[in-house]
Asker: 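One structure, as structure tokens, below. Some questions next.
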Amino acid sequence: MSESEARPTNFIRQIIDADLASGKHTSVHTRFPPEPNGYLHIGHAKSICLNFGIAQDYQGQCNLRFDDTNPEKEDIEYVESIKNDVNWLGFEWSGEICYSSNYFDNLYGFAIELITKGLAYVDELSPEQMREYRGTLTEPGKHSPYRDRSVEENLALFDKMKNGEVEEGKMCLRAKIDMASPFMVMRDPVIYRVRFATHHQTGDKWCIYPMYDFTHCISDALEGITHSICTLEFMDNRRLYDWVLENITIDCQPHQYEFSRLNLEYTVMSKRKLNQLVTENLVSGWNDPRMPTISGLRRRGFTSASIREFCKRIGVTKQDNTIEMSSLESCIRDDLNENAPRAMAVLDPVKVVIENFDGEAEILNVANHPNKPEMGTREVPFTRELFIEREDFREEANKKYKRLVLGKEVRLRGAYVIKAERIEKDEEGNITTIFCSYDNETLGQNPADGRKVKGVIHWVSAQVGIPAEIRLYDRLFTVPNPGAADDFVSVINPESLTTMQGVVEPSLVEAEAEKAFQFERMGYFCADSKDSTTDSLVFNRTVGLRDTWAKIGD
Ligand code: ATP
Ligand code: MG
């Protein structure tokens, strides 16, 4: 396992330890509350590992709850993908899936309770007026002229809203809190609005929908959540979270804790922006291997263990920060270096003919991992005609170049020492064939006469190798913080995908999608899981052997 065994510690776990020690709680119940309006990304993985990880380590529970109060933006496709991604990351939610929409009846009841207590009112200011009345950070807001309606009138109007007798935007329900509060969220926040939209769970039952801040705390309380963990931008909203729960009749008071969200260099994490990349066909879909989504990383060849390890390494704090892409990459590299079987593929082939080899293919047994004999061996056919990497041959070179040079020798990985005797070129001067001889005494041993052969290169049989399309990925954006650009689409890297027509060893025809191999000397690759545009084998490069953010080379 590349996953480190030690339990993480962070300020939230310290709070939980203290709550358990003091008897404030006897068990822990967390939740992961995505809005089903996009696919999950690596930032969500941080929250998933935190919430589900706590439940695992404290023998507690963690709910998966869809925070589904925006019917227009949500879709069942996202619900399904989120469930799938959470499971793939290695987590199980407790009991049934939860939906905030399951609580629409309760939420409606609590809204009535607030109205009855004189703590909520139906407002008729237009959205523009409402903004004007709200004031600014330096100026208090003004009371709406509708703020002091009677309880009866509010109940009657709220009923009309519920019954579909009010147009969208004409009325809303607001909590009556404090228009002079230094916290803008406390200036009579809207808690219900009219939306004539069909909901993916409740259909056309409702035409009023509760707002996030009202829904979230009540959903947490109804589910008996003990520690409600969210990201820092909700810090001010904690006032409203507590206010709602203090003013309704409910016997559970979860506490909200905030941590800093994950930002990664050279990518965007906002679902709105990711959605735009997909809908404008700037990538091939939510699971394009260049996307920071869980499904994209998975298709790229990341293992779930490597993502969990990444989340462990970055930790959980209250400091805003941006993580380098290389930290994510080093997690997958550590995993695959240890666990990925080796194979050979030539990405940019040039033909080699072994002139003194005749007869049929010779089947060689090659180790699947240099340090792990328990991973076994595979059969690799050695034939008269082979492919090597074009960049692995030079007509002339100095001593630093430890590959094949005209007139010199090199070892073929897992096979023999060969010597380049002569070459053939086309009219443009491109090398078409390298004619070689091989020393048939050198399988698994050095030349008998003590000749030193330093270099080792990879190869694939030209006769039985399998053509494959090989996709190399670079960062999706050209700047470290594309989200800060005026137009993030303008900083997309036009060279984020390079497609090569390569050849892979025959054993790879069986390669399972998403299961990574180390292609000797070329990096880690996995068979693509989904591409109907081509019949040929497709491999995605997960990550280079060293740092792919540096220039690809030696
Ligand atoms: P967006 O604002 O882009 O739509 P979101 O953060 O609102 O995204 P949600 O579906 O509401 O997306 O997120 C579900 C949970 O995941 C929330 O608790 C949220 O705080 C957490 N989360 C989202 N993005 C990140 C991130 N980059 N790092 C850590 N946690 C995150
Ligand atoms: Mg959200």
Side-chain angles (χ1 to χ4, degrees), residues 8 10 12 30-55 62-70 72-75 77-83 85-86 89 91 93 97-101 200 211-213 215-217 219-220 223 225 227-238 241 254-279 286 291-297 307-308 310-323 325 327-328 481-483 488:
N10 55 54
I12 293 180
T30 56
R31 84 287 172 271
F32 172 64
E35 186 179 346
N37 61 354
Y39 280 59
L40 297 182
H41 52 59
I42 183 80
H44 292 115
K46 177 177 181 180
S47 176
I48 291 171
C49 289
L50 177 61
N51 281 292
F52 285 94
I54 285 172
C62 180
N63 294 359
L64 174 59
R65 182 201 312 142
F66 289 101
D67 225 326
D68 54 348
T69 54
N70 271 319
E72 293 112 325
K73 294 203 180 129
E74 296 163 6
D75 197 283
E77 176 197 348
Y78 300 133
V79 170
E80 293 308 317
S81 74
I82 290 171
K83 293 199 282 197
D85 288 348
V86 170
L89 277 174
F91 298 106
W93 46 89
I97 301 255
C98 304
Y99 295 88
S100 294
S101 56
H200 52 99
M211 300 298 285
Y212 171 86
D213 282 316
T215 311
H216 197 80
C217 52
S219 306
D220 281 347
E223 290 173 14
I225 301 304
H227 299 78
S228 177
I229 305 167
C230 66
T231 39
L232 281 176
E233 69 275 16
F234 291 102
M235 189 129 81
D236 286 354
N237 304 56
R238 186 177 353 110
Y241 186 104
H255 196 300
Q256 176 182 303
Y257 297 95
E258 305 90 16
F259 70 101
S260 61
R261 57 172 50 229
L262 168 65
N263 301 302
L264 251 194
E265 280 188 347
Y266 294 102
T267 192
V268 290
M269 217 82 92
S270 135
K271 279 189 280 185
R272 189 181 56 73
K273 293 194 171 110
L274 294 173
N275 199 346
Q276 191 179 338
L277 293 174
V278 174
T279 50
W286 284 98
M291 291 280 269
T293 50
I294 306 295
S295 50
L297 290 166
I307 295 178
R308 291 194 301 270
F310 172 69
C311 293
K312 205 173 274 185
R313 289 188 196 175
I314 57 175
V316 175
T317 69
K318 278 179 167 298
Q319 266 79 54
D320 266 322
N321 57 9
T322 302
I323 306 288
M325 198 55 105
S327 342
L328 177 59
N481 185 5
F488 81 104

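We count ligands from 1, going down the list as the structure has it; atoms in each ligand are counted the same way.
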Asker: Excluding sequence neighbours, so at least two apart, what forms side chain to side chain donor-acceptor pair (under 3.5 Å) with His200?
Answerer: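 So His200 forms a side chain to side chain donor-acceptor pair (under 3.5 Å) with Glu74.
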Asker: Side chains of Tyr78 and Glu35 only: does a donor on one sit below 3.5 Å from an acceptor on the other?
Answerer: no
Asker: Below 4.0 angstrom from a heavy atom of Pro34, which ligand 1 atoms are there? Numbered from 1 as shown, please.
Answerer: 10 (O), 14 (C)
Asker: Quickly, which of Arg65, His255, Gln256 forms a side chain to side chain donor-acceptor pair (under 3.5 Å) with Asp220? Name it, please.
Answerer: Arg65
Asker: Using heavy-atom distances only, which candidate in Arg31, Met269, His44, Lys46 approaches atom 23 (C) of ligand 1 most closely?
Answerer: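 The option holding the nearest heavy atom is His44.
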Asker: Contact between Thr317 and Gln319 at the side-chain level, heavy atoms closer than 4.5 Å - yes or no?
Answerer: yes
Asker: Return yes or no for this condition: an N or O of Cys230 is under 3.5 Å from an N or O of ligand 1.
Answerer: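 Such a contact does not occur with ligand 1.
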Asker: Less than 6.0 Å separating the ring centroids of Phe259 and Phe234?
Answerer: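 Centroid distance Phe259-Phe234: not below 6.0 Å, so no.
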Asker: If we only count N/O pairs under 3.5 Å, is Phe32 in contact with ligand 1?
Answerer: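 In this structure, Phe32 places no N or O atom under 3.5 Å from an N or O of ligand 1.
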Asker: Can you list everything that forms a salt bridge (Lys or Arg N to Asp or Glu O under 4.0 Å) with Asp68? Sequence neighbours excluded, please.
Answerer: none
Asker: Give the atoms of ligand 1, by number and element, whose distance to some non-hydrogen atom of Ser270 is under 4.0 Å.
Answerer: 3 (O)
Asker: Can you find a pair of side-chain heavy atoms, one from Asn37 and one from Lys271, that are under 4.5 Å apart?
Answerer: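 SC-SC contact between Asn37 and Lys271 confirmed.
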Asker: Select the closest option to atom 26 (C) of ligand 1 among Arg65, Arg261, Lys271, Glu233, judged by heavy-atom distance.
Answerer: Arg261
Asker: So is His41 in contact with ligand 1, going by heavy-atom distances below 4.0 Å?
Answerer: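 Yes, His41 has heavy atoms under 4.0 Å from ligand 1.
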Asker: Please report whether ligand 1 has a polar contact with Arg272, defined as an N or O pair separated by less than 3.5 Å (distance criterion only).
Answerer: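 No - when backbone and side-chain N and O of Arg272 are compared with those of ligand 1, no distance drops under 3.5 Å.
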Asker: Yes or no: does Phe234 have any heavy atom under 4.0 Å from an atom of ligand 1?
Answerer: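 So Phe234 does not count as touching ligand 1.
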